[in-house]
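The next block holds one structure in the form of structure tokens; read it before the comments.
What you are looking at is a predicted structure, and each value in this text was computed from that prediction instead of being measured. Side chains included, hydrogens not; waters and symmetry mates left out as well; all remaining heavy atoms used. Naming: A, B, ... by sequence-line order, numbering from 1 per chain.
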Amino acid sequence: MSKIIEKEFFSKNVVKLVLEAPEIARSRKPGHFVIIKIGEKGERIPLTIAAANEKEGTITLVVQKVGVTTAKLFELEVGDEISDVVGPLGQATHIEKVGTVLCAGGGVGVAPMLPIVEGLKKAGNRVITILAARTKDLIILEEQMKEHSDEVIIMTDDGSYGRQGLVTAGMEEVINREKVNMAVTIGPAIMMKFAALTTKKYNIETVASLNTIMVDGTGMCGACRVNVGGKTKFVCVDGPEFDAHQVDFDEMLSRLGAYKDQEVAAYQKYLETVEV
Amino acid sequence: MENIIEYLKEERAQDWRNELRKGMKAKERTSRIRVSMPEEDPDVRNKSRIEVNIGLAAENAVLEAQRCIDCPDPTCITGCPVGINIPKFIKKIEAEDFAGAAVTLKETNALPAVCGRVCPQEKQCELNCFYTVKLKKTPVAIGHLERFAADWERNSGQMAVPKTEKLNNIKVAVIGSGPAGLAAAGDLAKFGYDVTVFEALHEIGGVLKYGIPEFRLPNELVDTEIEIMRQMGIKFKTNFIVGKTASFDDLKKDGFQAFFVGSGAGLPRFMNIPGENYNGIFSSNEYLTRVNLMNAADPEYDTPVISGNSVAVIGGGNTAMDSVRTAKRLGAKDSMIIYRRSEAEMPARIEEVKHAKEEGIIFMNLHSPLEYYADENGRVNRMKVQKMELGTPDSSGRRRPVPIEGSEFMVDVDTVVVSVGVSPNPLIPKALANLKVTDWGTIVVDKDSMQSSIPEVFAGGDIVRGGATVILAMGDGRTAAAGMHKYIQEKIKAN
Ligand SMILES: Cc1cc2nc3c(=O)[nH]c(=O)nc-3n(C[C@H](O)[C@H](O)[C@H](O)COP(=O)(O)OP(=O)(O)OC[C@H]3O[C@@H](n4cnc5c(N)ncnc54)[C@H](O)[C@@H]3O)c2cc1C
Ligand code: SF4
Ligand code: FES
């Protein structure tokens, strides 16, 4: 059981939640995630820990509404309890000062990228952040990113905000402009795939944080498995961060779609029940 | 050993046992045939979660108990990993003292209702029964009787809460709530310790909950046992991963003096053959967890599961049987076992294989998968299998499967469950740098006390043995509890 202490909307589809979770707060490092489950009938989903306050015994999650469980999470108010929260899970991000780091995030990847951007900046790096989305309304966390980045570049497919073009166009621009020592990419698998291909051209070490389907999050089921450099890895215990140039994104993309029909149907059904 | 034999003799010499023995001639006892377990109709049960075995009616249990001749040298006990006083509990049933039978079981077995259902009796007590060994007849149905007595007690609503010593306020931690952890916690509480069980998942029970399906082991039964343990003062902390949520050092700072690690063999193995990561291919752990722990087959629950039409399960153990029968219950038209040896070598309980056959499971023994293929969406649609033959025995004593060259052919499948074994859960060994582990990743312990290379850390169950059995895990838990008790008491004396 974890009580919600604070709830703040960053936009219609992004909410910040502060939860009571003293043990997790004590053990957590940047890059770690938790698995949450809401109520007896809920599913288990992974969420990155955006921040933690050991003294207050709290952790912060930044959640984007994408399906049934995140939608249920949006409905909870301050004072409500989340029945199950377990963590911290995964390997912590390896953060050090390397010089200039290019962070490219899109879609569901932007929220989990926030603590990494913050950590990299604190470690003394020059951080250039690219936020990419289809259209203006889908750009999230711009203010928070600005706070921790030297520069934030916005890219939209339709040109409704920032510059028009894909995330890779923004990345190429920066790489051609200045020396980039490292890149981080988090987002839809297809975006990470092309981001990785871009940095590979320039031989820039790149880390991708993978958001595969998970069940237990402890290495027990293999639902989260991906192919990295020809070897099967479990994202929940070996990751979530891997060398982006080694990840088989096509396989990951396909695996992410395994329950697409069920997920869409369930979300549809859920929306009907809340609208009534 | 000496005193155990003495003890058994004394128990056997009691008047009530003498009376019972005299009450019926051995000839008459041995001429009876074994009662059979009533079962749900295969064509009904393979579409439902209902438990397959219904349980013996009281009069049949008594009839079966009468078959037992109360041997002077009860060889059945030698086959029981925890040494249950088998003739005593059976004779209590014959005397219609069902509550007494349950008490006898609980002297040595913490979860008889579970063991009566899932123990491989045909390889343990029943294999060593006088009927099997000397008379070459079907053994006394020891497992069915164990289940009967335990169920009777539960249904009577008078389940006794075991007596515990006065609380000594010494904190001990049990890591993992599978059968090993539960057995250790139960005994530690009896000794008077302040016991906390830490469990990584959101439910208590380990494999009993997430692995073994409802149709074989109803959850309600495990929950009843856990409720009793709560009444004994045992605390349960779910969603708590020792080594992640808190370190051993954190727990020591919180006052825990000793630890029992029963973290199981939770890591699924894959075969590393081409195409194994296609959609529709799961580890049995994932498949069973979705259905059992997350209730994915119920549309009211949020977790999804793929219910295939043509499901292949790779393997021949209990986990494979549970998976293949689960697939049938989720609506598969063809639900098949693909096993590389023959039925004689199958590690699954005989009863499960029998039940699976009755339920229409297809058995492709002496076959092994080589490669998987997928449709344009990445969903598995075919697999290439190869025929095998049996060669010379390997280190496990089972005959080694040898591929037959040129025998490959294709099978259409839309779901595959890989059930070829598990490896020890690496979480705890990773969290304790000085812990001695084997090359396989199992924790090294002293057999008599289950103490590890770190004095305050004890371990048992699958994390020590690799994938084993419920009863061995429970036995380890109890041995370890005794070892911990001794360790703590000696430490107190030394100070
Ligand atoms: C599908 C299936 C069917 C089976 N059928 C049979 C059968 O019919 N008969 C039989 O005798 N045996 C059977 N077995 C084997 C039997 O279940 C196991 O041998 C037994 O459960 C092992 O018990 P355990 O207590 O060692 O571990 P488990 O039951 O695996 O429990 C370990 C628990 O520890 C938790 N854990 C792990 N690490 C941590 C940590 N760091 N912190 C907190 N918690 C942690 C896990 O989440 C888990 O709940 C079956 C196994 C499976 C998978
Ligand atoms: S060996 Fe068989 S007949 Fe003899 S005491 Fe044991 S169960 Fe009864
Ligand atoms: S989520 Fe189950 S092994 Fe990673």
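Atoms CZ and CG, on B:R290 and A:D216 in that order, are 10.0 Å from each other to the nearest 0.5 Å. To the nearest 0.5 Å, atoms CG (A:N227) and CD (B:E276) are separated by 11.5 Å.
Ranked by heavy-atom pairs under 4.5 Å with chain A, the list B:I306, B:N377, B:T238, B:N295 is led by B:I306. Interface remark: of the candidates B:V305, B:L288, B:N272, B:V305 forms the most heavy-atom pairs closer than 4.5 Å to chain A. Contacts with chain A were tallied for B:S423, B:P268, B:S284, B:P426; B:P268 has the most, counting heavy-atom pairs under 4.5 Å. Highest contact tally toward chain B, considering only A:I38, A:V86, A:V226, is held by A:V86 [criterion: heavy-atom pairs under 4.5 Å]. For chain A, the option among B:A296, B:G266, B:G378 with the highest count of heavy-atom pairs below 4.5 Å is B:G266. With chain B as the partner, the residue from A:G222, A:G39, A:P88, A:G217 showing the most heavy-atom pairs under 4.5 Å is A:P88.
No more than 12 heavy atoms of other residues, nucleotides or ligands shown are found within 6.0 angstrom of NZ on A:K29. For A:K3, the NZ atom is loosely surrounded, since the number of other residues' heavy atoms within 6.0 Å does not exceed 12. Within 6.0 Å of atom CE in B:M271, more than 12 heavy atoms from other residues, nucleotides or ligands are found, so the atom counts as buried in its surroundings.
Residues A:V215 and B:L293 have side chains not in contact (no heavy-atom distance under 4.5 Å, counting atoms from C-beta outward). In this structure the side chain of A:R225 reaches within 4.5 angstrom of the side chain of B:F270, judged on heavy atoms.
Partner B:D302 forms a side-chain hydrogen bond (donor to acceptor under 3.5 Å, both in side chains) with one of A:K37, A:K41, A:K72, A:R44 and no other, that one being A:K72.
Contact between A:S27 and B:D250 at its shortest, heavy atoms only, is OG-OD2, 4.3 Å. Closest heavy-atom contact between A:C221 and B:S283: O-OG, 2.5 Å. In this structure, A:G90 and B:K244 approach most closely via the heavy-atom pair O-NZ, 3.3 Å. Closest approach of A:E43 to B:M294, counting heavy atoms only: CA-CE, 4.0 Å.
The parts of B:I281 that come within reach of chain A are both its backbone and its side chain, each placing non-hydrogen atoms under 4.5 angstrom from that chain. No part of B:R379 comes within reach of chain A, as not one of its non-hydrogen atoms sits under 4.5 angstrom from that chain. Of the atoms belonging to A:L256, not a single heavy atom falls under 4.5 Å from chain B. Only the side chain of B:T289 comes within less than 4.5 Å of a heavy atom in chain A; its backbone stays farther off. For a residue to count as touching a neighbouring chain, one of its non-hydrogen atoms must lie under 4.5 Å from one of that chain's; by this rule B:L427 touches chain A with the side chain only. Proximity to chain B is limited to the backbone of A:V85, based on heavy atoms less than 4.5 angstrom apart. With a 4.5 Å cut-off on non-hydrogen atoms, B:Y287 does not touch chain A at all.
The backbone N or O of A:I24 sits nowhere less than 3.5 Å from a side-chain atom of B:T245 that would complete a donor-acceptor pair.
Look at A:E23 and B:K237 and you find a salt bridge, because one of the NZ, NE, NH1 or NH2 atoms lies within 4.0 Å of a carboxylate O, short of that distance.
Under the rule for a side-chain hydrogen bond (donor to acceptor under 3.5 Å, both in side chains), B:D298 has no partner lying at least two apart in sequence or in another chain.
Residues A:E40 and B:Y301 bring a donor and an acceptor atom of their side chains to less than 3.5 Å of each other. No side-chain N or O of B:N277 forms a donor-acceptor pair with one of A:R255 less than 3.5 Å apart.
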List the steps and the verdict of side chain to side chain contact (heavy atoms under 4.5 Å, CB included) for A:M220 and B:Y210. CA-CA 11 Å; A:M220 183 263 271; B:Y210 77 70; 4.0 Å; yes
